[in-house]
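Chain A is the first sequence line, chain B the second, and so forth, proteins listed ahead of strands; every chain is numbered from 1.
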Amino acid sequence: MENMRLRFAPSPTGALHIGGVRTALYNYLLARKNGGTFILRIEDTDQTRYVEGAEQYIVEALEWLGITPDEGPGIGGDFGPYRQSERKDIYLKYTQQLIESGHAYYAFDTSEELDVAREKDPTFKYDAMARLRMRNSISMSAEEVEAALDEGIPHVVRLKVPDNETILFEDIVRGEVAFDSSELDDKVLLKADGMPTYHMANVVDDRLMEITHVVRGEEWLSSTAHHVLLYRSLGWEQEMPAFAHLPLILKPAPESYLDKSTIPAMASRMAEEFARKYPEHAGYKAEVFALQTFQDKKNIPANLKEKEKDQAGKAAFKAFLKSALYGKLSKRDGDRLGFPVFPLSWKGATAEDSFTGFREYGFLPEAVLNFLALLGWNPGDEQEMFKLEELVDIFSPERINKSGSRFNIDKAKWFNQQYMIKADDARLARLVRPILEANGQQPSDAFVEGFVSLMKERAVTLPDFWENGYYFFERPRSYEEKMIQKRWQPERSEQFAELVKDMEQLTNFSADEIKAAAERFMEKHELKFGEVLPMLRLAQAGTMKGPAIFEMMELLGQEEAIARLKLGFEAFDNIVQS
RNA sequence: GGCCCGUUCGUCUAGGGGUUAGGACGCCAGGUUUUCAUCCUGGUAGCACGGGUUCGAAUCCCGUACGGGCUACCA
C-alpha cells in the first residue's frame with residue numbers, strides 16, 4: 001500500500017500504560033514495514049482529565065523504546081496541529097456540516113437530567129425512540145431551537161443514528177464485525193464546552209491526517225460502528241481507514257501468584273483498599289472473606305459470584321475483588337503485585353498516583369519491546385528474540401491474536417536477562433554506574449566494565465548487579481557461616497597462610513597466574529579444588545554465589561584480594577572455634 | 001441486563017479435517033570435572049463442555065458454560 005499512515009493517539013491523562021505502549025509499537029511496526037509514516041496525535045479533548053506532564057512522558061517513553069514518531073507535536077509535519085485541543089475550529093466546522101445535512105442535531109438536556117433518566121431506567125439509551133421525548137432540535141420546533149440557541153442555553157450536538165440498519169465493517173484481526181444500528185445510541189459529538197468527543201475528533205482527524213490504518217485497543221471495537229456511521233455521514237466512506245482492534249493485556253491470573261506466602265498480605269491489602277474506597281462498608285469483615293476466598297484457590301471465580309442473600313458489604317466486596325483480580329491490566333496492579341506496568345516512572349500528585357517504570361526497575365528497552373511484541377502477536381515460527389529491525393521486517397497484522405493475553409512478568413524478566421547477557425559491557429556499565437553511585441561507590445569505568453562482564457549472567461534486572469555483587473566494591477559484610485563450619489579446617493590455617501604468601505609473590509596478578517599458583521599449592525599439599533576454591537570464594541565474597549573466582553580476584557587486584565584472604569582466613573578460624 | 005468479541009499445557013503461543021498436538025516462560029531432574037548463574041539434555045502439563053456435519057473433528061456448524069470489552073457531555 002502506498003503512503004501508509006498510522007497514528008498512535010493517546011490522551012494525556014497520566015502515565016502511558018503498557019498496553020498503550022504495545023499499541024504504539026504495533027502502529028510503529030506496521031508503518032515502518034511498509035515505508036509508511038508513524039504519527040503521534042495527542043487526544044486532549046477532555047479538559048477535566050488533562051494532566052500536566054503526561055504528553056512529555058509519552059514522548060519520552062517512546063524515545064526510550066526507540067519507536068519515535070515521524071510527525072507529531074514538537075516534531076512537526078504537514079498535517080498539524082497534532083494536539084486536538086488546537087483543532088477546535090476544525091471539529092466545529094464538520095459538526096456544523098453534519099447538522100446541516102441532517103446527520104446530527106442539537107440537544108439541550110443537561111448531564112443531570114440524563115443521570116436522572118438513567119437512574120429511573122438503567123437501560124436508558126439516547127436512541128431513536130428516546131430522542132423524541134428529550135429536549136433537542138428534533139423534538140422541538142425550529143423557533144424553540146433558535147430561541148434556545150440565541151439565549152445561549154448550553155447544549156451538545158448528537159449524531160442522529162439511523163434506525164434498523166446493519167453496520168458492517170472489516171477488522172484486520174477479527175474479520176467481519178456487524179452491529180445493528182438500533183442498538184446504537186446517539187453519541188455526543190460536540191460537548192457543551194465546545195470540545196469534540198473522542199468519536200468526532202478521531203474520525204475527523206483520521207480523515208484530515210489521511211490515516212490509512214487505525215490500530216487501537218479492543219475497547220474501541222464497540223464504538224467503531226459509530227465511527228463508520230460518521231465517515232458515511234461526512235461523505236468519507238470511500239476513504240475510511242482499515243481497522244485493527246488489538247486484544248487487551250489482562251492481569252495475571254490470581255492462581256499464579258497466590259500462595260501461602262502471599263495470601264495474607266494480599267488479603268489485608270485488598271481489605272484495606274476496599275475500606276478506603278467504600279467507607280460506607282467499613283463494618284464488613286473484608287479481610288476474613290478475602291483470606292477464605294484466596295485459600296480456596298481453585299474456586300475463586302465461583303466464590304466471587306454474587307448471591308441473593310449476600311448483605312451489602314459482602315456484595316460490594318465481591319464486586320471489588322472481582323475487578324481487582326480479573327480483567328484489564330491496570331495501573332494499580334503494578335503496586336499490588338510488585339512489577340512495573342508503565343515504561344517509565346511517573347510522579348503523580350500523591351504517592352498513590354506515583355509508579356515505578358520498567359526503566360527504573362532496571363529493564364532494558366529492547367527487552368520490554370521484545371516482550372510486548374510477543375504479547376498478542378507471533379511470527380508463526382519458533383524464534384523468540386527479535387531486534388526492533390527484525391520485528392519491522394516480519395510483523396504481520398494478520399497474525400495478531402484475537403483473545404486477550406495475561407501479563408507475565410517472569411517472561412519479561414527472562415527477556416531482560418537474555419538481553420543483558422547480550423549487551424555490550426560498556427553500555428551495561430553506563431547503566432549500572434548510577435546504581436553503584438547511589439550506594440556510595442565511585443569506581444573507574446574499567447572496573448565497572450570488568451564487573452558487569454563477570455556478573456551479567458547472574459543478574460535479571462540492573463539493580464541485581466549491586467544486590468548480588470556488592471562485594472566487588474566493599475569487603476564482605478558477613479561470611480556464610482554454615483559453609484565455613486562445614487568446609488574450614490583450622491588445622492590447615494598454616495597451609496593457607498602459605499597460599500597467601502604465594503599470592504603475594506605473583507608479579508602478574510592475572511586470573512591465569514592466580515590459578516597456576518593455586519594449582520601448585522594444591523599439588524604440594526595434596527588438596528582438591530573443592531577444598532581450596534570455596535575458601536577463596538568465601539574470603540573474597542562472603543557467599544558461595546558468584547562468578548569465576550580467579551577472574552574475580554584479578555579484578556579486585558592483588559592488594560585487595562590478598563587482604564581479603566588474610567581477613568577471611570582469620571575470621572574462619574574464629575567462626576569454627578566458637 | 002443488552003450489544004460486540006473471544007476460549008489449545010499454570011502463562012505466552014504454533015497448529016485451521018487424518019499430527020506421538022510443536023515451541024517458549026515457569027517448575028522438576030540430570031549434565032557442563034569450585035559455587036551461583038549461564039548453557040545443554042530430559043521431564044511435568046493442554047485442545048472448556050454438549051450436540052451435530054464427516055469414514056474421521058483440537059480444527060467446520062449450533063448451543064451451553066466461562067472469560068473479556070462496551071453500555072458517559074472519558075478516552
Side-chain angles (χ1 to χ4, degrees), chain A residues 9-13 43-46 48-49 107 109-111 114-115 118 122-126 154-158 171 173-175 177-180 182-185 187-193 195-199 201-202 216-225 245 247-248 250 252-253 255-256 301-302 326-328 371 374-385 399 401-415 417-418 421 455-460 464 468 480 483 518 528-538 541 543-550:
Chain A
S11 68
T13 55
E43 309 229 325
D44 54 350
T45 54
D46 186 348
T48 60
R49 293 210 307 157
D109 322 277
T110 64
S111 301
L114 293 171
D115 287 345
R118 283 191 198 97
T123 65
F124 172 83
K125 208 166 24 163
Y126 209 116
H155 60 273
V156 301
V157 175
R158 285 182 182 270
D171 188 276
V173 337
R174 279 148 223 285
V177 182
F179 287 89
D180 181 346
S182 309
E183 303 287 347
L184 272 31
D185 62 340
K187 282 259 179 295
V188 170
L189 264 19
L190 201 69
K191 300 184 259 188
D193 66 0
M195 277 289 194
T197 57
Y198 170 86
H199 308 291
N202 111 78
R216 77 227 300 192
E218 197 194 44
E219 65 267 34
W220 296 112
L221 189 59
S222 298
S223 45
T224 304
H245 287 96
L248 266 16
L250 273 20
E255 298 81 11
S256 72
Y326 297 97
K328 212 161 45 155
F371 165 67
L374 259 24
L375 207 56
W377 172 85
N378 79 87
D381 60 24
E382 278 166 9
Q383 190 179 341
E384 294 272 341
M385 304 280 288
R399 295 197 59 91
N401 282 120
K402 292 177 175 63
S403 48
S405 5
R406 294 208 137 94
F407 186 86
N408 180 192
I409 194 63
D410 283 336
K411 191 96 175 220
K413 285 179 176 169
W414 177 77
F415 274 116
Q417 182 171 37
Q418 295 297 311
I421 291 169
M455 282 300 291
K456 61 185 179 182
E457 282 164 6
R458 278 156 272 260
V460 173
D464 290 346
N468 302 337
E480 240 175 63
M483 211 57 204
K528 285 180 276 195
F529 267 72
E531 293 170 298
V532 176
L533 268 44
M535 301 339 296
L536 298 185
R537 173 177 300 287
L538 253 8
T543 167
M544 283 301 288
K545 298 179 183 178
I549 183 63
F550 301 123

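The residue A/Gly217 sits apart from the nucleic acid: no heavy atom pair falls under 4.0 Å. Among the protein residues, A/Glu43 comes within range of the sugar-phosphate backbone only, with heavy atoms under 4.0 Å from sugar or phosphate atoms but none that close to a base.
Counting only heavy atoms from C-beta on, A/Glu382 has its side chain closest to B/G23 among B/C73, B/A75, B/G23. Nearest nucleotide to the A/Arg399 side chain, out of B/A75, B/G15, B/C70: B/G15. Residue A/Arg158 places its side chain closer to B/C73 than to any other of B/C25, B/C70, B/C73. When the nucleotides B/G6, B/U38, B/A75 are ranked by their closest atom to the side chain of A/Ser403, B/G6 comes out on top. Checked against B/U11, B/U13, B/C5, the side chain of A/Arg174 finds its nearest nucleotide in B/C5. You'll find that the side chain of A/Asn401 is closest to B/A14, out of B/A14, B/U38, B/U11. Taking only side-chain atoms of A/Val177, from C-beta outward, the nucleotide of B/C4, B/C70, B/C12 with the closest atom is B/C4. When each of B/C4, B/U38, B/G23 is scored by its nearest atom to the side-chain atoms of A/Glu384, the top-ranked nucleotide is B/G23.
Under the Watson-Crick or G-U wobble criterion, with both distances below 3.5 Å, B/C70 is paired with B/G2.
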What string of B, S and - do you get for nucleotides 27-34 of chain B, 5' to 3', when a contact is any protein heavy atom under 4.0 Å?
-------B
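No side-chain donor from either of A/Asn401 and A/Ser403 sits under 3.5 Å from a side-chain acceptor of the other.
No hydrogens or angles were tested; on distance alone, nothing pairs the side chain of A/Lys187 with the base of B/A72 as donor and acceptor under 3.5 Å.
By the salt bridge (Lys or Arg N to Asp or Glu O under 4.0 Å) test, A/Lys413 is found to be paired with no residue, residues two or more places apart in sequence or in another chain being considered.
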